[in-house]
2 protein chains.
Amino acid sequence: MGKCGGRWMTLFRGRFLHSVDSKGRVAIPQRFREAMGGEEDLRLVMTVDPEGCLVVYPEPAWVELERKWQELPQMNEDLKTYLRFMVGWASDGGLDRQGRILVPPPLREYAGLEHEVWFIGLLHKFEIWNGERLGMATGPEKVRAVTQKLSGLF
Amino acid sequence: MGKCGGRWMTLFRGRFLHSVDSKGRVAIPQRFREAMGGEEDLRLVMTVDPEGCLVVYPEPAWVELERKWQELPQMNEDLKTYLRFMVGWASDGGLDRQGRILVPPPLREYAGLEHEVWFIGLLHKFEIWNGERLGMATGPEKVRAVTQKLSGLF
DNA sequence: TGGCAAGTGGGGAAATGTGGGGGAAGGTGG
DNA sequence: CCACCTTCCCCCACATTTCCCCACTTGCCA
């Protein structure tokens with residue numbers, strides 16, 4: 001809900017299982033809608049993650065990211081590759097009156113979304129996963145391994 | 001939509017699959033037209049990118065680039081090579097009333113465009129890709145590698 | 001068990017992309 | 001200078017997608 005000390009406060013937590021209907025629509029979990037302030041004209045930006053899922057930002061948070069990217073050296077080839085990916089896949093849209101978004105076919109296909117999907121809250125953003133892929137990417141074993149390497153950070 | 005703090009605000013995002021018709025015309029995605037302000041007398045400048053795709057700027061943004069190039073040391077051989085490429089391939093044109101542009105045959109051939117093409121939004125410009133080439137240039141594996149190297153930038 | 005809240009499904013209007021015919025404009029060769 | 005040809009652009013018509021609205025089901029709580 002707006003800024004606080006220069007940082008966005010919308011915080012997403014938890015996991016929710018929802019379904020994609022035949023038109024490619026998915027209902028955003030009510031908790032997440034609340035976290036964004038429950039406003040009427042609520043817009044989201046959705047893009048892909050290299051891990052194989054979708055990432056969703058409230059539009060203001062995404063615009064902030066874009067602003068930062070614009071200030072970087074535009075000739076850098078690695079940056080161009082990165083932006084072709086992040087920005088090139090981005091899709092913005094609003095919610096319908098039932099709180100659903102339409103996931104465009106390319107994104108749906110990229111993330112392997114059909115029938116059932118998991119919403120995963122991730123602080124200032126959230127992700128949408130195919131169930132199987134989610135299991136592969138975030139099993140306890142994998143996390144145990146990763147935790148070791150993180151110990152220096154916090 | 002116009003200037004803001006000396007910087008153009010037209011921001012393109014997302015990817016759209018369109019087709020090139022038998023006359024060499026391609027429809028610009030409606031989202032991109034909106035981003036440029038939906039004006040009537042809307043002009044674009046199209047050129048090539050070393051990666052093998054086309055790059056398209058709204059004319060004002062392109063003019064701005066040309067202005068910067070003129071201020072650089074004209075004796076520099078590397079700059080000359082670069083400009084022969086960017087400026088030498090450039091083609092300006094307007095949209096027809098259906099929002100389509102005509103891609104000149106040399107550019108079409110350079111980028112390998114036929115039948116289906118992808119539009120990729122890239123902040124202040126957008127690109128037009130042959131589908132296969134796009135996959136090669138921005139697959140998830142490549143992006144993961146690149147992200148590592150970029151971590152110093154942001 | 002009634003009522004509300006949340007998620008699901010589907011119909012219909014509007015917006016968007018696609019394809020093709022015909023006329024104007026511009027370049028080329030006689 | 002004129003006739004021809006090509007290229008480009010404007011128009012209309014069609015198919016598909018997207019978005020907006022209303023109604024149903026399910027689960028939770030009083």
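Here is the naming used below: chain letters follow the sequence lines, and residue numbers restart at 1 for every chain. Because the structure is a prediction, the values reported are computed rather than measured.
- Within 6.0 Å of CD on E109(A) lie no more than 12 heavy atoms contributed by other residues, nucleotides or ligands.
- The environment of CD in E77(A) is crowded: more than 12 heavy-atom neighbours from other residues, nucleotides or ligands sit within 6.0 Å.
- Atom CZ in R97(A) sits roughly 11 Å away from atom P in dC20(D) (whole-Å rounding).
- Closest contact between the side chain of L102(B) and the listed nucleotides dA6(C), dG19(C), dC8(D) involves dC8(D).
- Between dG19(C) and S19(B), a contact under 4.0 Å exists linking OP1 or OP2 to a side-chain N or O.
- When distances are taken from the side chain of D96(A) to each of dG20(C), dC21(D), dT8(C), the shortest belongs to dC21(D).
- Counting only N and O atoms by type, the side chains of R33(B) and Q30(B) include a donor and acceptor under 3.5 Å apart.
- Look at K80(A) and E51(B) and you find no salt bridge, because none of the NZ, NE, NH1 or NH2 atoms lies under 4.0 Å from a carboxylate O.
- For Q30(A) and dT26(D), the CD to P distance is 20 Å, given to the nearest whole Å.
- Distance NE2 (H18(B)) to P (dG17(C)): 4 Å, rounded to an integer number of Å.
- In this structure, CD of E116(A) is placed 14 Å from P of dG7(C), rounded to the nearest angstrom.
- Following rounding to the nearest Å, D21(B) (CG) and dG17(C) (P) show an atom-to-atom distance of 14 Å.
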Could you write out each protein N or O paired with an N or O of nucleotides 11-13 of chain C at a distance under 3.5 Å?
unit_1, atom_1, unit_2, atom_2, d
dG11(C), N7, K23(A), NZ, 3.3
dG11(C), O6, K23(A), NZ, 2.2

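- For R144(B), the CZ atom is densely surrounded, since the number of other residues' heavy atoms within 6.0 Å is greater than 12.
- Atom CG in L17(A) sits roughly 13 Å away from atom P in dG27(D) (whole-Å rounding).
- Atom C1' of nucleotide dC12(D) and atom CZ of R100(B) are separated by 11 Å, given to the nearest angstrom.
- The two atoms that bring W62(A) and V87(A) nearest to each other are CZ2-CA, 4.4 Å, heavy atoms only.
- A salt bridge links E64(B) with R67(B): at least one charged nitrogen is closer than 4.0 Å to a carboxylate oxygen.
- Nucleotide dT16(C) holds its C1' atom 11 Å from the CZ atom of F16(B), rounded to whole Å.
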